[in-house]
Student: 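Take a look at the following structure, please.
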Amino acid sequence: MIGHFRVLVLDDATGYGFAFDELLRLGRSSLPGPAQVRAASSVREVVELIDAGERFDVAIIDLGLGARQPSGLGAIHVLGQRTDTRIAVHTDYHEQTRRLLFLYAAFTWYDPVALLPKTGDAPGRDRAAVATDLAAKIAMINRGQSPHPDLAIPFRARLGKERAFERILKTHEDLDKWIAFVEYSNITDVARALHLGRKTVENWVRSKYDATQALLNDAEAAKIDVTDARVNVSSLGRANQSVIHQFARSQSWFFTDPVVRDRFQRS
């Protein structure tokens with residue numbers, strides 16, 4: 001008797017769990033067994049399922065689970081630590097800028113198999129074809145293979161090469177300054193809020209400017225719209241602090257994410 005093929009779907013929009021359940025049932029011929037989908041809407045629920053002894057073949061993880069809520073990075077971490085589940089990141093490409101650093105973090109700090117975009121059924125496309133396509137992708141992920149094209153390539157860590165993402169955030173001092181720049185737009189206010197000398201913050205801004213621009217350039221090369229993360233500095237000269245402030249605001253969910261803050265907590 002073929003056992004169930006167990007799939008975890010983590011998303012704060014509970015409808016995705018039902019959608020995956022329906023589509024994987026329709027596309028069951030592409031799977032190694034009949035699909036059994038469990039839905040969760042928070043990292044806490046994922047931990048509770050693991051604590052209860054549930055195990056999964058594949059986990060589909062949304063990264064953004066709501067402002068001030070632990071992100072899907074926490075679920076990727078606990079699944080990787082406590083299970084041998086194959087993981088795919090499932091994110092809304094209509095919110096690419098807001099999700100940008102989450103994507104880099106997911107594929108730099110951890111090792112998910114694949115990146116799947118959140119897309120609705122294409123108008124006029126047969127639902128059975130949608131189901132077959134999705135089930136085939138999930139079956140590949142279960143085998144440790146990323147479906148073609150591998151959308152995660154721009155975000156994956158590169159052996160022996162430090163990327164812009166890794167230069168942007170290294171320490172809890174970096175995180176403190178990024179969080180301050182979410183709120184404040186100039187160096188003087190950030191220095192005052194953090195009880196630091198202005199020169200210290202100036203030097204930090206200078207060091208992060210190039211990394212920020214490099215990351216945005218890399219993202220644009222991958223055809224990601226990062227307009228919301230940029231400012232027009234053509235009439236302002238270099239305008240380092242403006243660039244840093246706008247980038248911090250565009251990534252505020254990431255910099256204030258409890259999972260990120262735990263990772264860079266003070267020792």
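Model, not experiment: these values are computed from the prediction. Keep in mind that the numbers below use all heavy atoms, side chains included, and drop hydrogens, waters and symmetry copies.
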Student: May I ask whether Val9 and Phe18 are part of the same hydrophobic cluster, defined by side-chain heavy atoms of I, L, V, M, F, W, Y residues being less than 4.5 angstrom apart, directly or through others?
Tutor: no

Student: So that I can tick it off, tell me whether Glu173 and Lys177 are bridged by a salt bridge, with the cut-off set at under 4.0 angstrom between side-chain N and carboxylate O.
Tutor: no

Student: Could you tell me if the side chain of Ile153 sits less than 4.5 Å from the side chain of Asp150, heavy atoms only?
Tutor: yes

Student: Exactly one of Ile138, Leu134, Asp133 should register a side-chain contact (heavy atoms from CB on, under 4.5 Å) with Leu23. Which one does?
Tutor: Leu134

Student: CG of Leu115 to CZ of Arg156: how many Å apart, nearest 0.5 Å?
Tutor: 8.5 Å

Student: Report the C-alpha separation of Arg86 and Gln145 in whole Å, then their side-chain angles, then the decisive distance to 0.1 Å, and conclude whether the side-chain contact (heavy atoms from CB on, under 4.5 Å) test is met.
Tutor: CA-CA 10 Å; Arg86 303 286 193 181; Gln145 302 169 348; over 6 Å; no

Student: Whether Asp11 and Lys118 form a salt bridge (side-chain N of Lys/Arg under 4.0 Å from carboxylate O of Asp/Glu) is what I want to check.
Tutor: yes

Student: Distance check, rounded to the nearest 0.5 Å: Phe102 atom CZ versus Gln251 atom CD?
Tutor: 8.5 Å

Student: Taking Arg28 for its side chain and Arg25 for its backbone only, find out whether a donor-acceptor pair lies under 3.5 Å.
Tutor: yes

Student: Please assess Leu79 against Asp84 for the test side-chain contact (heavy atoms from CB on, under 4.5 Å), listing each intermediate value before the final yes or no.
Tutor: CA-CA 7 Å; Leu79 285 164; Asp84 58 359; over 6 Å; no

Student: Search all heavy atoms of Val190 against all heavy atoms of Ala180 and return the closest pair with its distance.
Tutor: CG1-CB, 3.8 Å

Student: Looking at Ile61, Asp111, Val113, which one forms a side-chain contact (heavy atoms from CB on, under 4.5 Å) with Ile87?
Tutor: Ile61

Student: Under the criterion salt bridge (Lys or Arg N to Asp or Glu O under 4.0 Å), I'd like the reasoning laid out for Glu48 against Arg44: C-alpha separation, chi angles, the key distance, then a yes or no.
Tutor: CA-CA 6 Å; Glu48 289 174 352; Arg44 177 182 55 80; 2.9 Å; yes

Student: Which atoms form the tightest heavy-atom contact between Gly27 and Ala135, and what is the distance?
Tutor: O-CB, 3.1 Å

Student: Answer whether the closest heavy-atom distance between the side chains of Trp178 and Phe264 falls below 4.5 Å.
Tutor: no

Student: Angle between ring planes, Phe165 versus Trp109, binned at 30° and 60°: parallel, tilted or perpendicular?
Tutor: tilted

Student: Can you tell which of Val259, Leu169, Leu100 makes a side-chain contact (heavy atoms from CB on, under 4.5 Å) with Phe254?
Tutor: Leu169

Student: Supply the atom-to-atom distance Asp57 CG to Gln36 CD, rounded to the nearest 0.5 angstrom.
Tutor: 10.0 Å

Student: Given side-chain contact (heavy atoms from CB on, under 4.5 Å), test Tyr104 with Leu215 step by step and report yes or no.
Tutor: CA-CA 10 Å; Tyr104 278 104; Leu215 183 139; 3.8 Å; yes

Student: Any salt bridge between Arg198 and Glu202, counting N to O under 4.0 Å?
Tutor: yes

Student: Do the non-hydrogen side-chain atoms of Pro32 and Asn142 ever get within less than 4.5 Å of each other?
Tutor: yes

Student: For Pro112 and Phe107, work out which heavy atoms get closest and say how close.
Tutor: CB-CE2, 3.7 Å

Student: Using a strict cut-off of less than 4.0 Å between a Lys/Arg side-chain nitrogen and an Asp/Glu carboxylate oxygen, indicate whether Arg38 and Asp21 qualify as a salt bridge.
Tutor: no

Student: Would you call Asp228 and Arg98 a salt bridge, using N to O less than 4.0 angstrom?
Tutor: no

Student: Check Ala139 against Ser30 and note the closest heavy-atom contact, atom names and distance.
Tutor: CB-O, 3.3 Å

Student: Between Ile168 and Thr212, which heavy-atom pair has the shortest distance, and what is it?
Tutor: CD1-CA, 4.0 Å

Student: What distance separates Gln265 CD from His172 NE2, expressed to the nearest 0.5 Å?
Tutor: 10.0 Å

Student: Find the distance between NZ (Lys137) and CD1 (Ile60) and round it off to the nearest 0.5 Å.
Tutor: 11.0 Å

Student: With the side chain counted from C-beta on, respond yes when Leu116 and Ile141 share a heavy-atom pair under 4.5 Å apart, and no when they do not.
Tutor: yes

Student: Looking only at heavy atoms, what is the nearest atom pair of Ala40 and Leu8, with distance?
Tutor: CB-CD1, 4.2 Å

Student: Answer yes or no: is there a side-chain heavy-atom contact under 4.5 Å between Glu54 and Ile50?
Tutor: no

Student: Mind checking whether His90 and Phe20 have ring centres under 6.0 Å apart?
Tutor: yes

Student: Give the intermediate values and the outcome of side-chain contact (heavy atoms from CB on, under 4.5 Å) for residues Trp253 and Leu101.
Tutor: CA-CA 9 Å; Trp253 275 23; Leu101 289 189; over 6 Å; no

Student: Rounded to the nearest 0.5 Å, what's the gap from CZ on Phe247 to OG1 on Thr97? Could you check?
Tutor: 9.5 Å

Student: Under a 3.5 Å threshold, yes or no: a donor from one side chain and an acceptor from the other, between Thr85 and Arg55?
Tutor: no

Student: Is a donor from one side chain sitting under 3.5 angstrom from an acceptor on the other, for Ser41 and Glu45?
Tutor: yes

Student: Taking His245 for its side chain and Asn186 for its backbone only, find out whether a donor-acceptor pair lies under 3.5 Å.
Tutor: no

Student: Starting from the C-alpha separation in whole Å, work towards a yes-or-no answer on salt bridge (Lys or Arg N to Asp or Glu O under 4.0 Å) for Lys208 and Asp174.
Tutor: CA-CA 9 Å; Lys208 300 304 176 184; Asp174 283 344; 3.1 Å; yes

Student: Is the ring pair Trp204/Phe181 parallel, tilted or perpendicular, if the boundaries are 30 and 60 degrees?
Tutor: parallel

Student: Could you check whether Glu183 pairs with Arg249 (Lys NZ or Arg NE/NH1/NH2 to Asp/Glu carboxylate O, under 4.0 Å)?
Tutor: no

Student: Going by the side-chain hydrogen bond (donor to acceptor under 3.5 Å, both in side chains) test, which pairs reach into residues 66-75, not counting sequence neighbours?
Tutor: Ser71-Asp257

Student: Just by modelled atom types, is the Asp210 backbone N or O under 3.5 Å from a matching donor or acceptor in the Gln213 side chain?
Tutor: no

Student: Do the non-hydrogen side-chain atoms of Val201 and Leu194 ever get within less than 4.5 Å of each other?
Tutor: no

Student: Between Leu175 and Ile179, is any pair of side-chain heavy atoms under 4.5 Å apart?
Tutor: yes

Student: For residues Ile187 and Ile244, determine if any side-chain heavy atom of one lies less than 4.5 Å from a side-chain heavy atom of the other.
Tutor: no

